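Note that the numbering runs from 1 along the sequence shown for the chain. The basis for the numbers below is simple: all heavy atoms, side chains too, and nothing from hydrogens, waters or symmetry mates. If you're wondering where the values come from, they're calculated on a predicted model, not measured in any experiment.
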Amino acid sequence: MKILVCISNVPDTTSKITFTNDNTVFNTAGIQYIINPYDEIALAKAVELAEGGKGTVTVINVGDAATEPTIRKALAIGADDAVRVNAQPRDAWFVANQIANYAKGQGFDLILTGRESIDYNGAQVAALLGELLDLPSVSIAKKLVIEGNEANIDREIEGGKEVLSVSLPVVVGTAEGVAEPKIPNMRGIMGARSKPLQVVEPIEVPVLASIARYESPAARGAVKLVDDVDQLVQLLHGEAKVI
């Protein structure tokens, strides 16, 4: 089985997020980057499926050279080789087109992404890949089992789950429950240094949308301590206006 895992380079969840140029540009100064946590779930599942010579795992990232430490970590976790598309990932449409361009003709049986990236939370890439590659695409997968040429998927829906059986090849956007993220061991870290990392140039993709500006959440107000239920109800009704 040939598996492609799409990984994003995202700010660590403890990073302080700020913007520059009149709130039009994300400020990368002092930011630590990690593999998108949902993509780590996808990678862990891919490594699990390929264990014991059952398949190969390729990771792909759209980004500049600064993302290579993140890619090497993915190799240390267990991917066999990696591809970096040498471009800034301006939006999901651009990223999906770059990945689809690489994946066409490669014969991948399974393409895994995270359900979304934790920076923009768009949850678009898996669906766009399915459309661009003319493949079935299932997102918010909570369980994934491969049996022969079938992928059995439990998918989260409002108020419950949907159980699907899909023929390979398929694109799957993974969520919690599919696998436990893996921590690379020393052998994996050392071996990652010599694993292949191919750099490819991007294709032209038309710009369909652009970010006008960013806005930070409003600062939280002061905490009010109340002594009784009547006062609490009055505050919720009169000030918070939630009841």
* Asked: side chain to side chain contact (heavy atoms under 4.5 Å, CB included) between I118 and T13: does it pass, once the steps are laid out?
  -> CA-CA 8 Å; I118 63 169; T13 52; 3.6 Å; yes
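- Applying the salt bridge (Lys or Arg N to Asp or Glu O under 4.0 Å) test to E51 and every residue at least two apart in sequence or in another chain returns nothing.
- Under a hydrophobic clustering in which Ile, Leu, Val, Met, Phe, Trp and Tyr are joined whenever their side-chain heavy atoms come within less than 4.5 Å, directly or via other members, I111 and I146 fall into different clusters.
- Between D109 and K2 there is no salt bridge, since no side-chain nitrogen of the basic residue lies less than 4.0 Å from a carboxylate oxygen of the acidic one.
- Using cut-offs of 30° and 60° for the angle between ring planes, the F19 and Y214 rings count as parallel.
- A side-chain contact (heavy atoms from CB on, under 4.5 Å) with C6 is found for exactly one of V95, N36, L129, V62, namely L129.
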* To do: Take Q32 and S15 through the side chain to side chain donor-acceptor pair (under 3.5 Å) test and state the conclusion after the steps.
  => CA-CA 7 Å; Q32 297 294 319; S15 298; over 6 Å; no
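- Remark: side-chain polar atoms of Q88 are not paired, donor with acceptor, to backbone N or O of D64 under 3.5 angstrom.
- The pair K182-E180 fails the salt-bridge criterion, with no side-chain N (NZ, NE, NH1 or NH2) lying under 4.0 Å from an Asp/Glu carboxylate O.
- Annotation for A126 and T113: closest pair CB-OG1, 3.5 Å, computed over non-hydrogen atoms.
- Taking all atoms of both residues into account, the shortest heavy-atom contact from F94 to P89 is CD2-CA, 4.2 Å.
- The number of heavy atoms from other shown groups lying within 6.0 Å of CZ (R213) is above 12.
- One finds a salt bridge joining E156 and K142 here, because a Lys/Arg side-chain nitrogen approaches an Asp/Glu carboxylate oxygen to under 4.0 Å.
- Open room surrounds CD on Q234; 12 or fewer heavy atoms of other groups in view lie less than 6.0 Å from it.
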* To do: Evaluate the criterion side chain to side chain contact (heavy atoms under 4.5 Å, CB included) for residue pair I60 and V85; output intermediate values, then yes/no.
  => CA-CA 8 Å; I60 185 167; V85 181; 4.2 Å; yes
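- A side-chain donor-acceptor contact under 3.5 Å links S167 and E150.
- Of all heavy-atom pairs spanning V178 and L144, the tightest one is CG1-CB, 4.3 Å.
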